[in-house]
Each structure stands twice: as C-alpha cells, then as structure tokens.
Number of protein chains: 2
Amino acid sequence: MSNNPPTDRAPDSDRSASSAAFSPLYQQIKGLLLQSLDRGEWKPGEAIPSELELAARFQVSQGTVRKAIDELAAENLLLRRQGKGTFVATHHEAKVRFRFLRLTPDDGKPPISGSRILECRRVKAPADIAALLDLRTADMVVNLRRILSFDQTPTILDDIWLPGAVFRGLTADSLARYRGPLYALFESEFGVSMVRAEEKIRAVSATQDQADALEIALASPLLQVERVSYTYGDRPMEVRRGLYVTDRFHYKNSLN
Amino acid sequence: MSNNPPTDRAPDSDRSASSAAFSPLYQQIKGLLLQSLDRGEWKPGEAIPSELELAARFQVSQGTVRKAIDELAAENLLLRRQGKGTFVATHHEAKVRFRFLRLTPDDGKPPISGSRILECRRVKAPADIAALLDLRTADMVVNLRRILSFDQTPTILDDIWLPGAVFRGLTADSLARYRGPLYALFESEFGVSMVRAEEKIRAVSATQDQADALEIALASPLLQVERVSYTYGDRPMEVRRGLYVTDRFHYKNSLN
DNA sequence: CAGTGGTCTAGACCACGTG
DNA sequence: ACGTGGTCTAGACCACTGC
C-alpha cells in the first residue's frame, strides 16, 4: 500500500489533522495519539479507546496502532493492562509515585516521608530560570521551597520554579493542605502531566542556610540535583534544584 | 498453534536446548540468542545471521525472531542497521565509547581525555567486593587504581575491582600500553562484554589522599559513584568506585 | 461470556547499503 | 540486482479481566 505521501488513503478521516508527513504510518499515529493526550481528550488514569477502535478511527490496521502504542508505553506515557485496556499514565497510584525520585534508602526499607513548605511566592523570572522554562524575564514564575523528610530526618531541600501563567492559584495554603507527590497535584489541579525529566548532578558543600534547613553541619557534602521536567510536547514546565543528604540514602541509577 | 508446552513442534531443532519453557515463543528465542551471545558464537562487532536465517534455524516465523531481536536491541545488546544486518554491540566504536560514563562537560565541548594507572595488583577479595562480585573472600581479584584527566585536569579517581580468575594476565604493563576505554579492552582481551550497570551515587568530602591525587583542596565535595557492571546472564564482573570532580563537569541523567 | 491486550503467522512492499 | 532490516496488513488463537 503506497502511503508515505502526506495524508492519503482516507483524506477526510481523523488522520487528515496530521502534521508529520513522510514518516512511517505508525509514527504519524503516535503523533496523533500524543496530540489527543496533550489536548486532554483522555485524562491521566483513564483508558484510551481499544486498539481496534483506534484502528477504525485512523483507518489503519490494528498492528499499526499497536506499534504506536508500544512506543508510547515504552516511554511511560501509556500503560497497558492485559484484559483491561490501555491507560494514560498518572503520577497518582502508589506504584509510580516518586517515579522521578531516584534517592533510595541504603537498606531497602521504604521510609516514611513528610513535606514542609518553607516558602511559596510569585516573582519575575530570574534570567537562568526563564531560559530553562522558555519564558521571558518579564514573565511571572512561582517559586516554591520545601523540605522533604524521610523517617523524621530532613533529607531534601527543594527549590522549585514553575511558570506563573500555568500555575495560577497555587498558594502556600493549598499546598499545606495537600498530601502526596507534587506531580500528582500538578496533574489534577493544573492539567500538567510531567512526562520526562533531565537531571544534572554535582557534589557541593552546604552553605550556612542550607545546613540550618537540613540540620547538618556547615560545609557537609550534598548532592545537588538540577532537574528540568517536561510535559507532552517536550515543553519545559518545571525547574527543580534539589539538595540531597546522602549519608543514609543514595541516588540510584541504571545504565544500559 | 499450540506451543507453550516445553519444546514442541521441532523437537530436534536448535530450540530443544531451550531452558525457559512456558513463556512466549519470542522470549524463548531471545533466551537462545542470549546463550549464543554469551557462548561467543557471534563476537562483538560482528553481524548475527539474518532474521530469515534465524527464523529457519529456530523453526519460527520471521516476525517472532524480529520481536526477540527488538528486545535485545532495546537493551543495547544488539544493534540494527538497515540494509546491512544486525550486529553484536561493542564498546569499540567512537559512537558508544563512554557508553557508561555520564560525566559531561558543562559547556558541551568534548574534552581531551587521558588515563594514568596508579596501581595494578592482585589481592584476596575484600569482603564487600567479594559479595558484590559473587566471589568468596579466598578468591583473588585484580585491583586497579587510575586517574582520568579531561583537558589536562585530573577529574576522576577510579578504584576498580575485577575477578582474578577471568582477568588473568592483566598487568600494569599491558594497561600502560593500551589506549581507549577499559571496557573495549575487556572485550577484546578477556572476552568479557559489559552489558548493563547499576550505580549508587553520593556526595562525599575528599580525604587528604584523594585531594592529592585529584589536585584539589582537602575536603572538597566529590561525587562518589559506585558502579557494578554485568555481562550476559546478569553476572557481575566489575566493581568500580569513582570519585568525580564536578566543578566543570556534571553527571547527566534522563528520567522517563 | 464478551472484550481487552498478547502472541504468532504469512506475505506484501519499501528503504537502504553494497556490489 | 540483490539481500538486509523496516513497515503494514489480515487473520487466528491465547490469556486475562470483569460481568
């Protein structure tokens, strides 16, 4: 079947909205699924239509839809569950909470965690943050600072920056009442699904302020983790600078 | 086609050597391919037989072989090249050198690297190393210490432990003459292909010895990276404790 | 039981690399 | 021109889930 020319076969089908022409069919389908996810047609935690339905909608075979879904599942945007359907990934659910947190107790025991908000303010974006978030320095950002404790011990000092235009109504108050991962809150309250993140890690010495906040000695070694998180269209939506105390925890990573 | 019962269909084919029964056909094929890789039937850098040949050998369809190869390619054990064939991954080749090294210059410029061996001795395995390498403490290990420099600046202090039985004939001399990644040397000289690694990362303060070796101040913050590397069959083959200077470099990681 | 994703097959054609 | 992997299809059957 000759089908690489842009939009052939069923010109008036759902597929005519496509953008990526001259690429494999399943990639085009993947793009369309991504658009639907981004647009919020299917919400996090919900099931998407079955493979046969999607195949009918896009006028392709089930196998082609399957390959598109396979890739999205491999990227953790979708979750397949045999016999039940394919679901939009979510940061709610015990299984994938802390999906982005690689800090792990040295003994395997899962710790009891708690969060304390130190600050929540709206300011003009500093130049470096603006650059990372694709904003102008005139734009407003939300700046959050918090301490995460594990087993009662302060362990992570986070400095978080979010685009103000998207995160309207995010206040210290609403945060104080909330239990659970921030990313889950972003999802349900602001419709922002974090899908991917990049981290840059260094070793640094604790300043006086940091040492006080984390209840450790001045100049203690800390793991500095700068994270930029992205939503669907690879749009940066969060900058997070974390300082980790790594005497009873370590950052775990797998290399392939 | 009823085929989950162990070894049906072609009892005297290559597949009768299988181990994993009651699993999908393509998983069994994957297992057989892994055995061949482990056994050294195809060497790193070489092409494996074409999909059709393998399909004939295992008495399954090309699609089933394809799915097995897909998974091995996703795990970076194999490398597909359209029009040419499927190749066994290797640590030679500029493209994948430093496949396991996540330390990256802050400005993107690729640095000039150099290695200096500080020590190479054979000793009885310390208890912690023995545990990580699945050895007994009576077994011998090779202990290597070296400095990696980037752009003339000492940046990584490595302390490496290898099972002595496998790495016979590894001496300071042979290392001094060698240029290139250690993993490539392991591959060509000792037939050991590193396929996967796990890292535990912490921030520490430089001791006097470490500071001297890295030409930094006492108690400077360092990134401590403990890596265990595995060959085929998930057999641990190396423990590497690295100390990274992270003022002009950072450890880069992607989260999905 | 019906509906979902998971496996397996067979065959067609395309795109790429090499001779 | 040929052989390789890459895409796409159509259809069969299996395994799991939930009614």
Side-chain angles (χ1 to χ4, degrees), chain A residues 1-10 13 15 18 20-33 42 46-74 77-89, chain B residues 1-10 13 15 18 20-33 42 46-74 77-89:
Chain A
M1 193 173 290
S2 77
N3 56 34
N4 258 354
T7 17
D8 72 289
R9 176 195 312 245
S13 80
R15 209 149 94 247
S18 176
F22 289 109
S23 73
L25 237 196
Y26 76 89
Q27 287 285 1
Q28 299 177 40
I29 303 300
K30 183 182 171 187
L32 293 173
L33 293 175
W42 314 302
E46 289 180 10
I48 70 171
S50 77
E51 296 180 350
L52 280 172
E53 275 180 80
L54 290 170
R57 144 129 67 132
F58 296 130
Q59 299 282 286
V60 299
S61 79
Q62 186 190 12
T64 301
V65 171
R66 174 176 291 275
K67 186 148 187 185
I69 292 179
D70 277 346
E71 293 208 349
L72 293 170
L77 303 202
L78 295 178
L79 192 69
R80 325 189 71 140
R81 278 188 252 175
Q82 179 168 162
K84 302 187 68 176
T86 300
F87 297 77
V88 182
Chain B
M1 195 172 293
S2 77
N3 57 34
N4 258 354
T7 17
D8 72 288
R9 178 197 312 246
S13 81
R15 211 151 94 248
S18 175
F22 289 108
S23 72
L25 237 195
Y26 76 89
Q27 287 285 1
Q28 300 177 39
I29 303 299
K30 183 181 172 187
L32 292 173
L33 292 175
W42 314 302
E46 288 179 10
I48 70 171
S50 77
E51 296 180 350
L52 280 172
E53 275 180 78
L54 290 170
R57 145 129 66 132
F58 297 130
Q59 298 282 288
V60 300
S61 80
Q62 186 192 13
T64 301
V65 171
R66 173 177 291 275
K67 186 148 186 184
I69 292 180
D70 277 346
E71 293 207 348
L72 293 170
L77 303 202
L78 295 177
L79 192 68
R80 323 190 74 140
R81 278 188 252 173
Q82 180 168 159
K84 300 187 70 175
T86 301
F87 297 78
V88 182

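Nothing here was measured: the structure is a model prediction, and the numbers come from that model. The sequence lines fix the lettering, A, B, ..., with proteins before strands; numbering per chain opens at 1.
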Where do N or O atoms of nucleotides 1-4 of chain C meet protein N or O atoms at under 3.5 Å, pair by pair?
{"from": "C/dG3", "atom 1": "N2", "to": "A/Gly83", "atom 2": "O", "distance (Å)": "3.0"}
{"from": "C/dT4", "atom 1": "O2", "to": "A/Gly83", "atom 2": "N", "distance (Å)": "3.4"}

Round to a whole Å and report the spacing from CG of B/Asp70 to P of D/dT4. 17 Å

A/Arg57 and A/Pro49 have their tightest heavy-atom pair at NH2-CG, 4.3 Å

To the nearest 0.5 Å, atom CG of A/Leu25 lies from atom CD of A/Gln59 at 11.5 Å

Could you check whether any side-chain N or O of A/Gln28 sits under 3.5 Å from a backbone N or O of A/Ser23, counting only pairs where one atom can act as donor and the other as acceptor? yes

Does B/Arg80 make a side-chain N or O approach to OP1 or OP2 of D/dG6 shorter than 4.0 Å? yes

Taking CZ from B/Phe87 and P from D/dT4, how many angstroms apart are they, rounded to a whole number? 11 Å

Any idea which of D/dT7, D/dC8, C/dT7 is nearest the A/Thr64 side chain? D/dC8

CZ (B/Phe58) and CG (B/Leu32) are apart, to the nearest 0.5 Å, by 5.0 Å

Can you measure B/Leu78 atom CG to D/dT4 atom P for me and round it to whole angstrom units? 16 Å

Would you say a side-chain N or O of B/Lys67 is under 4.0 Å from OP1 or OP2 of C/dC8? no

Send over the distance from A/Leu25 CG to D/dA10 P, rounded to a whole Å. 12 Å

Donor-acceptor contacts, no H, no angles, side chain residues 64-71 of chain B, under 3.5 Å, sequence neighbours left out:
{"from": "B/Thr64", "atom 1": "OG1", "to": "B/Ser61", "atom 2": "OG", "distance (Å)": "3.4"}
{"from": "B/Arg66", "atom 1": "NH2", "to": "B/Glu51", "atom 2": "OE1", "distance (Å)": "2.9"}
{"from": "B/Asp70", "atom 1": "OD1", "to": "B/Arg80", "atom 2": "NH1", "distance (Å)": "2.4"}
{"from": "B/Glu71", "atom 1": "OE1", "to": "B/Lys30", "atom 2": "NZ", "distance (Å)": "2.9"}

For the pair made of OH in A/Tyr26 and C1' in D/dT9, what is the distance, rounded to whole Å? 16 Å

Do A/Arg66 and C/dG6 share a donor-acceptor pair, side chain to base, under 3.5 Å? yes

Nucleotide C/dT7, atom C1' - distance to CD of B/Gln28 in whole Å: 12 Å

Are any of the side-chain heavy atoms of A/Leu33 and A/Leu54 separated by less than 4.5 Å? yes

Specify the separation, in whole Å, of atom CD1 of B/Ile69 and atom P of D/dT4. 12 Å

CD of A/Gln27 versus P of C/dA15: gap in Å, rounded? 15 Å

A side-chain contact here means heavy atoms from C-beta on lying under 4.5 Å apart; do A/Thr86 and A/Leu72 qualify? no

